[in-house]
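By convention here, the first residue in the shown sequence is residue 1.
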Amino acid sequence: MKRRNSGFSILELIIALAIVMLVLAAATTFFISTVRQYKIQTKIVETNIEGVLGLELFRQDLESLGFGVPWDNVTVTQDKSAAPFNAFSGGPMAVVSLNNPTSGTVTVNKSDYLVIRSTRVGMGSAAGKWTTLQAGGNTRSWGSTEEDFVGTDRVIVLSPTLNHQALVTPGTGIHFSDVASYAPADNLTVTNIVYGVDSTNLSFPWNRADYYIDNTLLTVPQRCAPNTGVLVKRVVSHATLDLMPPLPLLDCAADMEVIYGLDTDANPSTALVWSDDISGFTADAIRTQLKEVRVYILVQEGQRDDSYRTPSDNITVGPSVSLGSNFDVSGYTNYRWKVYTIVVKPRNLGN
């Protein structure tokens, strides 16, 4: 009697292997797609977190413009040895920007170049500190090591009145331990204000910080689209009168536009007049008319995604094309873009 050997035929094995391969191919495709989307979403989240942190520092600096900047008795005529914005018009201008520069500065895509003057924007430990100075040399203590001065901090003293904010110390500043000499004569006069600037001798009685998009001093991450850069902050050094190394705030930035809301008729009930250029204003005109500053920043979100297409070839960076830019992204259709907006109402300018 013959016995039949049990098993699979070659055809059955081929069919089974084909089914297994199809299942594995589908699973692999799904896995790769899931990993790719996870990576894309992770980069988008990283971009958003980076944006929150970097732009919050930018917002705080922008909100502080004019903080501790004297209006009168200022003998210093510049705070940087080269253009832009090294000349003053009626005193130090608290804020000014270069609108779509074509030369003289290093910016990406002709994005705006912004300058802020404020004692808060410095990088030294004394920057941003302040206290009151009364007759007899009495100063107020805040009870915090982060807010209280130390004797070696380099400070200035201002005597504020209704239409003046006069510098009463030398422009090179003094040590905080010597402020008693600059106290008001008696308690019937206005209380003087002490502002911290730096830890070294001052070349000018404030701090200055420049903000722009750079792609030459810092390495732009490989994930960034071509022709983008890094939004940076650079503080002018009191020792060299030149810009210090850049502090990166936001990667993959393509454009920045600065818009100013102005009260041109001294009537708070009328609408603000919006302008993208106040470089011709005097320091007093800026203090009198500037009521709001808006900064728009176009940033790549996440990384290149070949499965994505931008819904439009142009993105408006600003409140309108005429007061901003119509940025062409037709060459970057596989990138997602986001416009961040910073809006501040300066509180340190009023006459």
Side-chain angles (χ1 to χ4, degrees), residues 55-56 58-74 79 84-85 87-101 111-121 130 132 158-167 189-193 195 205-211 255-297 316-326 339-351:
L55 296 182
E56 176 59 19
F58 193 180
R59 186 198 64 78
Q60 290 179 6
D61 285 353
L62 193 63
E63 197 171 50
S64 77
L65 62 89
F67 183 83
V69 177
W71 304 352
D72 300 300
N73 197 29
V74 182
D79 53 18
F85 318 123
F88 299 152
S89 179
M93 292 172 283
V95 62
V96 66
S97 60
L98 198 58
N99 184 43
N100 299 328
S111 58
D112 287 1
Y113 190 107
L114 176 68
V115 167
I116 294 175
R117 292 186 175 93
S118 162
T119 58
R120 285 188 180 275
V121 299
W130 71 280
T132 56
L158 302 186
S159 178
T161 58
L162 181 60
N163 294 308
H164 299 277
Q165 192 158 297
L167 179 69
T189 59
V190 66
T191 299
N192 288 348
I193 309 294
Y195 294 95
W206 54 79
N207 285 311
R208 165 179 161 176
D210 293 18
Y211 304 81
D255 191 20
M256 179 175 77
E257 301 293 329
V258 184
I259 312 297
Y260 303 94
L262 307 169
D263 179 6
T264 58
D265 59 3
N267 185 352
S269 63
T270 59
L272 296 179
V273 175
W274 296 93
S275 173
D276 56 8
D277 187 5
I278 59 170
S279 58
F281 279 40
T282 64
D284 182 65
I286 292 174
R287 291 194 301 267
T288 304
Q289 298 186 32
L290 183 59
K291 303 302 178 184
E292 189 171 306
V293 182
R294 297 185 179 183
V295 179
Y296 301 84
I297 306 168
T316 301
V317 186
S320 64
V321 175
S322 60
L323 272 179
S325 69
N326 195 31
V339 177
Y340 288 97
T341 304
I342 304 174
V343 180
V344 301
K345 296 181 184 296
R347 304 297 184 189
N348 303 286
L349 293 178
N351 280 327

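Side-chain polar atoms of S97 and D112 form no donor-acceptor pair below 3.5 angstrom. With hydrogens and angles left out, the side-chain atoms of S269 and N267 include a donor and acceptor closer than 3.5 Å. For the residue pair N192/S159, the side-chain donor-acceptor check at 3.5 Å is satisfied. Checked by atom type, the side-chain pair S118/S64 shows a donor-acceptor distance below 3.5 Å.
Residues passing the ring-ring contact (aromatic ring centres under 6.0 Å, His included) test with Y296, sequence neighbours excluded: none. Among residues two or more places apart in sequence or in another chain, the salt bridge (Lys or Arg N to Asp or Glu O under 4.0 Å) test is passed with R117 by D79. Take Y211 and apply the ring-ring contact (aromatic ring centres under 6.0 Å, His included) test, not counting sequence neighbours, and it matches F58. In this view, K291 satisfies the salt bridge (Lys or Arg N to Asp or Glu O under 4.0 Å) rule with no residue, not counting sequence neighbours.
For the pair A283 and G90, the tightest heavy-atom approach, listed with the atom from each and the gap, is CB-O, 3.8 Å. Taking both residues in full, the closest heavy atoms of P92 and P70 are given as CG-O, 3.5 Å, listed atom of the first, atom of the second, then distance. Closest non-hydrogen pair, L349 versus P346, comes out as CD1-CB, 3.7 Å. Across every non-hydrogen atom of G68 and T119, the tightest pair is O-CG2, 3.7 Å.
Between atom CD1 of residue I278 and atom CG of residue L290 there is a gap of 5.5 Å, rounded to the nearest 0.5 Å. Once rounded to the nearest 0.5 Å, the distance linking CG of L262 with OG1 of T288 reads 11.0 Å. Remark: Q289 CD to L272 CG distance equals 11.0 Å, nearest 0.5 Å. Taken to the nearest 0.5 Å, the CH2 atom of W206 stands 16.0 Å off from the CZ atom of F67.
Using a 4.5 Å heavy-atom threshold, the side chains of N348 and L65 count as separate. For the pair N99 and E257, the minimum side-chain heavy-atom distance is below 4.5 Å. Residues L98 and F85 meet the side-chain proximity criterion, which asks for heavy atoms closer than 4.5 Å. No side-chain heavy atom of D210 sits less than 4.5 Å from a side-chain heavy atom of L114. Proximity of R294 to I342: side-chain heavy atoms (C-beta onward) are nowhere separated by under 4.5 Å. Between I259 and V293, every side-chain heavy-atom pair lies at or beyond the 4.5 Å cut-off. D255 places none of its side-chain heavy atoms less than 4.5 Å from the side chain of I297. Under the 4.5 Å side-chain criterion, counting only non-hydrogen atoms from C-beta, T264 is not in contact with T270.
Counting only residues at least two apart or in different chains, salt bridge (Lys or Arg N to Asp or Glu O under 4.0 Å) contacts with residues 61-72 comprise R59-E63, D61-K233. Among residue pairs with one or both ends in residues 267-277, none qualify as salt bridge (Lys or Arg N to Asp or Glu O under 4.0 Å); sequence neighbours excluded.
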Point to revise | R208 and V115: CA distance, side-chain angles, deciding distance, side chain to side chain contact (heavy atoms under 4.5 Å, CB included) verdict | key: CA-CA 7 Å; R208 165 179 161 176; V115 167; 3.7 Å; yes
Review point. Does the pair W71 and F88 meet the rule for a ring pair (Phe, Tyr, Trp, His ring centres under 6.0 Å), with working shown?
Key: CA-CA 11 Å; W71 304 352; F88 299 152; over 10 Å; no
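When atom types are taken as modelled, the side chain of Q165 and the backbone of V69 share a donor-acceptor pair closer than 3.5 angstrom.
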